Colleague: 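Provided herewith is a single structure, encoded as structure tokens, for subsequent inquiry.
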Amino acid sequence: MSGTRCSARTHRWAAGGAIAVATAAGGVLALQAWVNGRLGDALGDGVAAATVSDASSFLLLALFCPFLPGFRQGVDRLRSAVRRGPTDALPLLMPRHFFGGVVGGVVVLSQATTTALLGAALYTIALVAGQTLSGLWVDHHGVGPGPAVTATPRRLAGAGMALVAVVLPLTTALTAGTLWMAALPFVAGLGLSWQMAVNGRLNVVARSPYPSVALNFLLGVAVVAVALAVDLMVAGLPRHWPHHALLYSGGLLGAVFVLLSVLLVRHIGVLVMGLAMVAGQTLGSLALDLTTGSSRSLDGLTLLSALIVVAAAFLATSAAAEPVTDPRHIPDREKAGV
């Protein structure tokens, strides 16, 4: 009995540590958004700024990934899994599981094309709403590497608290004229949870996070490059490129964020990780406002919202999935079409 209690206590501590790291990853994402936004303002072209961010991430990974431990072996395992095909003994990857990086490109494009018109706050509302709702579906159907987790009342309450906490202070910003525009980041948010889930699935089969991270940025660059081609035909190249090195760090921050999400998703599930990252985004944004002298008002309701969304992340940790290290334990939901 004491051994069981010790094991349960260890698991709770491990889950708590993973949630703390996921919260920090959300802060990294908030910083990346701030950096990319400043670069977009300096260039006068959000699509060009998004391309610089994604391309620099991919170049960094292309330079270092071949020398990272397990990268080449992980690529070989993924290639072998696709060639071998699904079996009853070993649920394998489907081609669609390799396309999570497309979502990353769509997220960057949605930010570049709608944030200036919606505002950063309303953009985040739409993105978080989609991510939180899809996180329930992804976990419930076992799309990720861990076992399926039922959408219990407690987990539903955690997701609902996160939505209310973020939406409540900002409902007056939404008008009929901006509702249709908010659909793009909402759809991108729906894809984010699926992206985190399939990335974690690749990570388990490859036994290394690096192949999926590199593939994500390769596909993200491809999506953004198409948008850039259209942008160049319409607006041409930006004429002024800032010299401040910090404005070009968005790619590195993005690589760190994707790597952390791939590592964490199999420990705490998509919904919990998403909520923890939302908390990190919220707290990170508050910290940036305080340290950079932003004009955003830090009123009591905003601070209360940040506390509620942090509590929501911990509320949703009931029935947290056990870590998955063996690819044979990946849920086989292919018959359900997930």
Side-chain angles (χ1 to χ4, degrees), residues 10-34 100 103-104 107 124 127-140 143-147 149 154-155 157-159 161-163 165-166 188-204 209-210 212-213 216 252-288 305-325:
T10 300
H11 177 62
R12 285 196 297 269
W13 277 104
I19 291 170
V21 176
T23 304
V28 171
L29 187 62
L31 180 58
Q32 183 200 23
W34 181 84
V103 175
V107 169
T124 301
L127 190 74
V128 167
Q131 180 182 351
T132 304
L133 293 177
S134 64
L136 287 170
W137 183 89
V138 165
D139 269 355
H140 184 75
V143 179
V149 181
R154 179 170 174 171
R155 290 170 66 84
M161 283 178 61
L163 287 175
V166 182
L190 290 175
L192 270 179
S193 291
W194 178 82
Q195 180 192 25
M196 290 187 289
V198 297
N199 282 348
R201 197 177 182 100
L202 294 180
N203 181 30
V204 171
Y210 306 121
S212 61
V213 172
N216 266 252
L252 176 61
L253 295 170
V256 171
F257 171 77
V258 172
L259 179 61
L260 288 176
S261 68
V262 167
L263 290 171
L264 293 170
V265 67
R266 67 192 179 110
H267 292 283
I268 54 178
V270 174
L271 175 62
V272 175
M273 185 176 71
L275 290 174
M277 287 181 174
V278 168
Q281 286 177 266
T282 304
L283 297 174
S285 297
L286 294 175
L288 284 169
S305 175
L307 294 175
I308 293 175
V309 80
V310 172
F314 284 88
L315 182 64
T317 58
S318 63
E322 294 286 345
V324 176
T325 57

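Treat the numbers as computed from the prediction; the structure is a model and nothing was measured.
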Colleague: Under the side-chain hydrogen bond (donor to acceptor under 3.5 Å, both in side chains) rule, collect the residues that match up with Asn216, sequence neighbours excluded.
Modeller: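 Asn216: side-chain hydrogen bond (donor to acceptor under 3.5 Å, both in side chains) contacts with Gln195, Asn199.
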Colleague: Please name all residues satisfying side chain to side chain contact (heavy atoms under 4.5 Å, CB included) with Leu190, sequence neighbours left out, ordered by chain then number.
Modeller: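 By the side chain to side chain contact (heavy atoms under 4.5 Å, CB included) rule, Leu190 matches Ser134, Phe186.
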Colleague: Do any N or O atoms from the side chain of Ser193 and from the backbone of Gln131 form a donor-acceptor pair under 3.5 angstrom?
Modeller: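 Between the backbone of Gln131 and the side chain of Ser193 there is a qualifying donor-acceptor contact (under 3.5 Å).
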Colleague: If I compare all heavy atoms of Asn203 with all of Pro209, which pair ends up nearest, and what's the gap?
Modeller: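 Distance-wise, the nearest heavy atoms are OD1-N, 3.0 Å.
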Colleague: Apply side chain to side chain contact (heavy atoms under 4.5 Å, CB included) to Ala25 and list each qualifying residue two or more places apart in sequence or on a separate chain.
Modeller: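 With neighbours one apart ignored, the set is Phe257, Leu260, Met277.
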